[in-house]
There are 4 protein chains.
Amino acid sequence: MTTRRAEANNRLDTIIDAGARCFAKAGYDATTMRDIAALTGILPGSIYYHFKSKEDLFVAVHDAAIERICRGVTRAIKPGAEPWARLEQAASGYLDSMLGNDAMYAALIVMEFPRRRSQPLRSKLIAQRDRFERLFVDIIEDLPLKETVDRRYWRLALMGMLAWTHVWYRSNGDSPKVIAQKLVELLRDQTGA
Amino acid sequence: MTTRRAEANNRLDTIIDAGARCFAKAGYDATTMRDIAALTGILPGSIYYHFKSKEDLFVAVHDAAIERICRGVTRAIKPGAEPWARLEQAASGYLDSMLGNDAMYAALIVMEFPRRRSQPLRSKLIAQRDRFERLFVDIIEDLPLKETVDRRYWRLALMGMLAWTHVWYRSNGDSPKVIAQKLVELLRDQTGA
Amino acid sequence: MTTRRAEANNRLDTIIDAGARCFAKAGYDATTMRDIAALTGILPGSIYYHFKSKEDLFVAVHDAAIERICRGVTRAIKPGAEPWARLEQAASGYLDSMLGNDAMYAALIVMEFPRRRSQPLRSKLIAQRDRFERLFVDIIEDLPLKETVDRRYWRLALMGMLAWTHVWYRSNGDSPKVIAQKLVELLRDQTGA
Amino acid sequence: MTTRRAEANNRLDTIIDAGARCFAKAGYDATTMRDIAALTGILPGSIYYHFKSKEDLFVAVHDAAIERICRGVTRAIKPGAEPWARLEQAASGYLDSMLGNDAMYAALIVMEFPRRRSQPLRSKLIAQRDRFERLFVDIIEDLPLKETVDRRYWRLALMGMLAWTHVWYRSNGDSPKVIAQKLVELLRDQTGA
DNA sequence: AATGAATGAGACTTCATTCAT
DNA sequence: CATGAATGAAGTCTCATTCAT
């Protein structure tokens, strides 16, 4: 039944949501299954019906985070717009998500991966993150930059600037949208003549 | 004798060095006092003769890291040079330190702070990090930028770009020095004229 | 089923019982969670499912002790009897409990509180001890003592005499009941007439 | 040289004094050699030049405590006085010492012995305590009590009453001397008609 | 006599995980 | 699906004690 699946998903989603909140606030290691369970309203042991392990749960949470940010970015982009505008929209969508509504989720993307953990885990997380970065690769491809500009460096520079906002952003200053515009502008004058 | 004094300090330094290695590799939470002790060759409990707690040790390690990176940056700057050159030198020194010799130490600076930890800890770490950032504030102050440019954003953009290299740098690509030059260049054309 | 409920509580009771035995024998500080766990047959860590901390467990044990001694005292008192008889019965019940069956528990009451410990702990313990002392306050209230006698001192004197038996009692001498009678008698001739 | 011996003794006394303070405040187990050293101004390891072990130090401290209380009691007794007066003086001296000046030392006498400790330790402590109790045995011997009164019980009752003051005494109530008088009086009317 | 450094055993506690019910 | 109880390994930290200097 659809109802059944919906309910099942709800349980999962509740746990993932609680997980996101905890992981984002305290980091992977400092978050306990008990913390997550408490936020969900179920007992710690019960999580294991839904997820094989803490790592598995983290992967799911991370995936949900990527999903959400990607959606935020995609939604912000107006398909017909010109490349520079599209970039600004994308950056805006990213920061809006990361510093605003989905802060809880987005923090996970910028967060360092759980360290000293199984290699399979790292691979999965990196693959997920790539999904997000590809969004920008494509837009930057279309940008009319000077021939001499190394597009890879250009992109990495932008990603760094944007991610770093997570470190210094304060909610009482410029809005995410404004920040995104200003940051993109700093790189913009590179345009061919 | 200098030798004697050096030796006296050696114990502390040995522990701090081991701490740096471990914290950088595994993060704060996933690093155990055992790990650090093992690397030092003393017993876990013995660390407590020198440091009151794991947090205290981390602060000391973090401080040493900042110290080292600051030294790396400062040493790279040629006092008489013109502002843009000085900035390039500073960036170069930073990345050299962070991606090269002192990688182990530098990772700690870019690393997120241990979370869900005592507030005093955070304050101390933030104060230490400020010491490093001030180095760049001063140089950027002297830069001949267009009037319209917000120097704070400009600086944060640069710091983000540089810090982010820690995520994507691979030792088989461009050298830290080259990367520094390329990144600074991306922001440079902002100059008037 | 009653059996079921009893069994359910058994886990807690088993731990409390083991705790009583250990704390009474070795004192708070010298008792380890391992000791208690070993007596219970579970692992040290498992105790923490039932009690948040060693202090918490001690409070529970202390409470059980008070409960038991109070019950012993109350049971020994024959409601209709005249005041002096009631006092003798109470003292008898007290010493019977303390020096006999519940020795293990009673030692905890006379025991000094765990020192240099959290204030909340001390308050709880004192509150519990008060519960026990009130039993005697009430009886002594009814005693026909000379006007000149300070009832508070009288009570404290009695409590001291009774508690001190814990220091000198040997099971091969007078029985607790006889001791109680003799001690009460020493204070009795204060009566008017 | 006398000077040398005096100095040597001073060291010892300083440590014993610090030990008394600590043991009395925190109990045996909760007192650390570090605590005592800190109060003395020397390093923990240095105590071991003077005392073979913590237990040894405790015995010395306990001995000093007994010594002091005995002195307090003896000094309070006026040799020529009649038995009841002498008892009152002794009790007064005891409580004065225990609740007043030497509180720090006296607490140790009423304190439970370190538990779960070597038997030799216990024997030594009991022997020391006996020294103190004998003071009262002798006085009570001379008391003109009714034939029917069991002098041993009488003494144990008194000792219990006096020791128990340690539990309820507050410095803002009656003075130790007054308390002593009142308590002795409660037992006094036993005198042969 | 004292210090600085270390030892080693053991303390309390946490936590991912399991499993019978 | 969930719970209650337990496990076992590991973690941080403490402390009496030792010993070369």
Side-chain angles (χ1 to χ4, degrees), chain A residues 4 7-8 11-12 15 28-37 40-58, chain B residues 4 8 10-12 14-15 29-37 40-57, chain C residues 4 7-8 10-12 14-15 29-37 40-57, chain D residues 4 7-8 10-12 15 28-37 40-58:
Chain A
R4 232 216 206 98
E7 255 166 33
R11 266 293 119 96
L12 268 185
I15 295 174
Y28 181 82
D29 285 305
T31 293
T32 75
M33 295 300 264
R34 275 165 181 66
D35 293 338
I36 299 171
T40 312
I42 63 177
L43 292 193
S46 306
I47 296 182
Y48 287 83
Y49 182 83
H50 303 280
F51 296 95
K52 210 171 93 285
S53 68
K54 191 184 178 186
E55 282 194 0
D56 264 35
L57 171 54
F58 184 79
Chain B
R4 238 228 200 85
N10 252 357
R11 271 283 93 107
L12 268 185
T14 309
I15 295 174
D29 285 305
T31 294
T32 76
M33 295 303 263
R34 273 198 245 297
D35 295 338
I36 298 171
T40 313
I42 63 177
L43 295 188
S46 303
I47 296 181
Y48 288 83
Y49 180 78
H50 303 279
F51 297 95
K52 217 171 83 288
S53 67
K54 190 185 177 186
E55 281 194 2
D56 260 37
L57 171 54
Chain C
R4 239 229 199 85
E7 258 164 32
N10 253 358
R11 270 284 94 105
L12 267 185
T14 309
I15 295 174
D29 286 304
T31 294
T32 76
M33 294 302 263
R34 274 199 243 298
D35 295 338
I36 298 171
T40 313
I42 63 178
L43 296 187
S46 303
I47 296 182
Y48 287 82
Y49 180 78
H50 303 279
F51 297 95
K52 215 170 84 287
S53 66
K54 190 184 177 186
E55 280 195 1
D56 260 38
L57 172 53
Chain D
R4 232 216 205 99
E7 256 166 34
N10 262 353
R11 268 289 119 97
L12 268 185
I15 296 175
Y28 180 82
D29 286 304
T31 294
T32 76
M33 295 301 263
R34 274 164 182 67
D35 293 337
I36 298 170
T40 313
I42 62 177
L43 293 193
S46 306
I47 296 182
Y48 286 83
Y49 181 84
H50 303 280
F51 297 95
K52 209 171 93 289
S53 69
K54 191 183 178 187
E55 283 194 359
D56 263 35
L57 171 54
F58 184 79

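By convention in this document, chain letters (A, B, ...) are assigned in the order of the sequence lines, proteins followed by strands, and residues within each chain are numbered from 1. These numbers come from the heavy atoms of this one structure, side chains and all, not from hydrogens, waters or symmetry mates.
- As a whole-Å value, the separation of D:Ile47 CD1 from F:dC15 P is 13 Å.
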Legend entry - Heavy-atom protein contacts under 4.0 Å, nucleotides 15-20 of chain E, coded B base, S sugar-phosphate only, - none: BBBB--
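- Scanning for side chain to side chain contact (heavy atoms under 4.5 Å, CB included) contacts around D:Thr40 gives D:Thr14, D:Ile15, D:Ala18, D:Ile36, D:Ile42, with sequence neighbours left out.
- At whole-Å resolution of the value, NE2 in C:His50 and C1' in F:dG4 are 9 Å apart.
- The two residues D:Lys54 and D:Asp29 make their nearest non-hydrogen contact at NZ-O, 3.8 Å.
- The separation between B:Asp35 atom CG and F:dA10 atom P is 12 Å, rounded to whole Å.
- Look at CG on B:Leu43: it is 16 Å from C1' on F:dG11, rounded to the nearest Å.
- Interatomic distance, C:Ile47 CD1 to C:Arg34 CZ, rounded to the nearest 0.5 Å: 11.0 Å.
- Contact check, D:Arg11 against E:dA2: a side-chain N or O comes under 4.0 Å of OP1 or OP2.
- Spacing between atom OH of B:Tyr49 and atom C1' of E:dA5 amounts to 5 Å, rounded to whole angstrom units.
- Rounded to whole Å, atom P of E:dC12 lies 15 Å from atom CZ of C:Phe51.
- Every residue meeting the side chain to side chain contact (heavy atoms under 4.5 Å, CB included) condition with C:Tyr48, not counting sequence neighbours, appears here in chain and number order: C:Met33.
- Nucleotide F:dC1 holds its C1' atom 11 Å from the CD1 atom of A:Ile15, rounded to whole Å.
- Of all heavy-atom pairs spanning B:Phe51 and B:Leu12, the tightest one is CZ-CD2, 3.5 Å.
- Rounded to an integer number of Å, the gap from C:Ile36 CD1 to E:dC12 C1' is 11 Å.
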Inset, instruction - Determine which bases of DNA chain F form Watson-Crick or G-U wobble pairs with both distances under 3.5 Å, and write the result as a 5' to 3' dot-bracket string with | for other-strand partners. - result: .||||||||||||||||||||
